[in-house]
Asks: 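Once you've had a glance at the structure underneath, I'll fire off some questions.
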Amino acid sequence: MNDAEPPPGGRLPTLLRSLRPDLTPWRSSRDFRFLWLSGCITSLGSFLTYVAVPMQIKDLTGSSFAVGLVGAFELVPLIVFGLWGGALADALDRRKLVLFSEAGLGLLTGVLLLNALLPTPLLWPVYLVAALVAAADGLQRPALDSLTPRIVPHDQLTAAFALNSLYRNAGSVAGPALAGVIVAFAGVQTAYALDVLTFGASLLMLARIRAVPPPTGAEKPSVRAVLTGVRYAWGRKDLLGTYAVDLVAMLFAFPVAIFPFLASELDAGWALGPMYAASAVGALAVSATSGWTSGIHRQGRMLVAAALGWGAAMTLAGLSASIWLVLLCLALAGGADQISGIARSTMWNQSIPDEVRGRMAGVELLSYSVGPQLGQVRAGGMAGAVGVRASVWAGGLACVAGVLALVAALPSLLAYDSRTDPNAAAVRAEHERAAAERAAAEQGTTAQDVAERGVAERGTTATEQGAVAVEK
């Protein structure tokens, strides 16, 4: 038998092992474990407020316009502070920036709780807090996203992102359902109070992470620093391709805003909740079987294939007359989006140097937050012009066409290979150098401790011998 071939019956276990999530980052990095646990807690708690805020506004006003207005208050702070947060993440200790932002988010949720406990809750504090939360999230997210490459080895970044997406997708499935039950039966006050408690638990986890100081000679936060990051992104056409593909996919094929109308048109009002959850279920399925992604090196091709899959699934969802087929297509789209997210994150973390990593995370925040906002406007406007189902399938086709056009315009995206890309090689070398320095420093400290202990022991022995000589 050829030694290279698996033994009979061995292929299936090998396949199953390749589908299991890669837990290497969890085992190898203590700080990643604390960061992951913090994310789990915060993800679950944040959905409580995510559901409670629109419910409270609805109860106070009875207006769907007033509920939708929350997005308008959030968009500008998210854009401005997302870019500024990227500059701060490159100049400050990222762990402290995440920690202080988390504390600020917890305090803002406390304000919502106090307002909800008033005999007559006020509307304007809800909008104000929504804007401030968007600003705090904009400050935190670049530091949070750029923290992982500093605490996880370079070759484990794909697995780390897959593990992070596992709890995020699980939270996206279970969080809204749990939050809906709590809000319905215990009120928004209870939801806000529980979210405050989750922030406290998350802070305890974040406080255990070791300091992550900025690189030597880090550029001070300024408008000029932000523009330097934007110019770097523009100069890296492979990175530019990742941002552009994600923006096109969300702009043309993100019809979440018209799901209620699609459910009505298919005479399936009961399916509205499952329609919102279907994509998260598909993404969760990919996260739970993501072990194979660590062996992919051409992440650009992986990203393009996933974006085309997203557009194709949305096209089929719009053309389908069966609600069950629609739900299946939405789940497939969610899985494709998760694969795209793994590819994007791997390219970003493996090839962006640490000195601009925070600013690039700010650009990334805009690419995956602005797209869905604009996509909902596109879907709603097009549905009014050509019909609900046409808005969905035409958006899916436009997504496919747009991605193919970007591939033709940016060939470096398909050419990206983490094994040979010079940017990835430079970042990998920097990771190895930093790891070697840390190991040398730890060994040096150990050697110094041993030497000092030896000197102390010799001194003690000499003193004892002297005392014996005196006695004699």
Side-chain angles (χ1 to χ4, degrees), residues 21-46 85-86 88-106 137 139-168 170-171 198-216 218 287 290 294 342 345-346 348-358 360-361 364 427-446:
D22 186 351
L23 301 179
T24 307
W26 175 275
R27 299 190 188 100
S28 66
S29 174
R30 164 190 175 276
D31 289 340
F32 179 77
R33 290 195 294 272
F34 285 121
L35 185 65
W36 194 89
L37 290 171
S38 169
C40 286
I41 296 167
T42 301
S43 177
L44 186 61
S46 295
L88 291 176
D90 285 335
L92 304 176
D93 185 324
R94 291 171 185 169
R95 175 252 189 188
K96 288 183 179 179
L97 188 54
V98 171
L99 190 64
F100 291 148
S101 300
E102 190 81 351
L105 288 167
D137 189 49
L139 290 175
Q140 184 191 64
R141 182 62 60 176
L144 188 62
D145 290 346
S146 59
L147 186 60
T148 299
R150 291 287 299 274
I151 62 177
V152 172
H154 188 267
D155 60 345
Q156 299 174 19
L157 291 174
T158 301
F161 177 81
L163 290 175
N164 286 338
S165 64
L166 184 61
Y167 76 71
R168 289 171 183 166
T198 63
F199 275 113
S202 174
L203 285 169
L204 292 177
M205 296 294 104
L206 292 173
R208 300 292 300 277
I209 298 175
R210 288 172 285 227
V212 183
T216 304
S287 298
S290 59
S294 296
I342 293 174
S345 176
T346 301
W348 294 339
N349 289 329
Q350 284 187 344
S351 67
I352 296 176
D354 193 57
E355 57 266 22
V356 295
R357 187 68 192 84
M360 291 302 96
E364 293 154 18
V427 173
R428 183 164 49 248
E430 179 61 24
H431 270 247
E432 293 172 353
R433 184 192 63 78
E437 288 181 353
R438 286 194 299 269
E442 292 173 359
Q443 292 174 357
T445 301
T446 302

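Remember, predicted model here, so these are calculated numbers, not experimental data. Position 1 is the first residue of the sequence; numbering continues from there.
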Asks: Evaluate the criterion side-chain contact (heavy atoms from CB on, under 4.5 Å) for residue pair V427 and I352; output intermediate values, then yes/no.
Replies: CA-CA 7 Å; V427 173; I352 296 176; 5.8 Å; no
Asks: Donor-acceptor pair, distance only, cut-off 3.5 Å: does the side chain of Q140 make one with the backbone of S101?
Replies: no
Asks: Run the numbers on R357 and N349 for side-chain contact (heavy atoms from CB on, under 4.5 Å), then give the verdict.
Replies: CA-CA 8 Å; R357 187 68 192 84; N349 289 329; 2.6 Å; yes
Asks: Measure from the side-chain N and O atoms of S38 to the backbone N and O of F34, and report whether any donor-acceptor pair falls under 3.5 Å.
Replies: no
Asks: Could you go step by step and tell me if W36 and N164 meet the side-chain contact (heavy atoms from CB on, under 4.5 Å) rule?
Replies: CA-CA 7 Å; W36 194 89; N164 286 338; 3.4 Å; yes
Asks: Quick check: closest heavy atoms across P153 and S28, and the distance to 0.1 Å?
Replies: CD-OG, 4.2 Å
Asks: In this structure, is the centre-to-centre distance between the rings of W26 and F32 below 6.0 Å?
Replies: no
Asks: So, S202 side chain and T198 main chain: donor-acceptor pair closer than 3.5 Å or not?
Replies: no
Asks: Counting N and O atoms only, with roles assigned by atom type, does the side chain of R95 sit under 3.5 Å from a partner on the main chain of A211, one being a donor and the other an acceptor?
Replies: no
Asks: For A162 and S287, work out which heavy atoms get closest and say how close.
Replies: O-CB, 4.2 Å
Asks: Are the side chains of I41 and M205 in contact, using a 4.5 Å heavy-atom criterion?
Replies: yes
Asks: Residues in salt bridge (charged side-chain N to carboxylate O under 4.0 Å, His left out) with D354, at least two apart?
Replies: R94, R150
Asks: How far does CG of L206 sit from CZ of F100, to the nearest 0.5 angstrom?
Replies: 11.5 Å
Asks: For L139 versus L97, what's the shortest heavy-atom pair and its separation?
Replies: O-CD2, 4.0 Å
Asks: Measuring from atom CZ of F161 to atom OG1 of T148, what distance do you get when rounded to the nearest 0.5 angstrom?
Replies: 10.0 Å
Asks: Go through the structure and list residues passing salt bridge (charged side-chain N to carboxylate O under 4.0 Å, His left out) with R208, not counting sequence neighbours.
Replies: none
Asks: Determine the minimum heavy-atom distance between P214 and A91, stating which atoms define it.
Replies: CG-O, 3.4 Å
Asks: Looking at every heavy atom in both C40 and Y167, which two are closest together, and how far apart are they?
Replies: SG-CB, 3.4 Å
Asks: Measure from the side-chain N and O atoms of D93 to the backbone N and O of V212, and report whether any donor-acceptor pair falls under 3.5 Å.
Replies: yes
Asks: Could you state the interatomic distance from CG (L105) to CG (L203), rounded to the nearest 0.5 Å?
Replies: 9.5 Å
Asks: What is the distance from atom CG of L147 to atom CD1 of I209, rounded to the nearest 0.5 Å?
Replies: 6.0 Å
Asks: side-chain contact (heavy atoms from CB on, under 4.5 Å) for M360 and D145? Distances and angles first, verdict last.
Replies: CA-CA 10 Å; M360 291 302 96; D145 290 346; over 6 Å; no
Asks: D31 side chain to I151 main-chain N or O, any donor-acceptor pair under 3.5 Å?
Replies: no
Asks: Please find the pair of heavy atoms, one from S146 and one from A89, that lie closest to each other, and give the distance.
Replies: OG-CB, 4.1 Å
Asks: Going from CZ on R168 to OG on S46, what distance comes out if it is rounded to the nearest 0.5 angstrom?
Replies: 11.5 Å
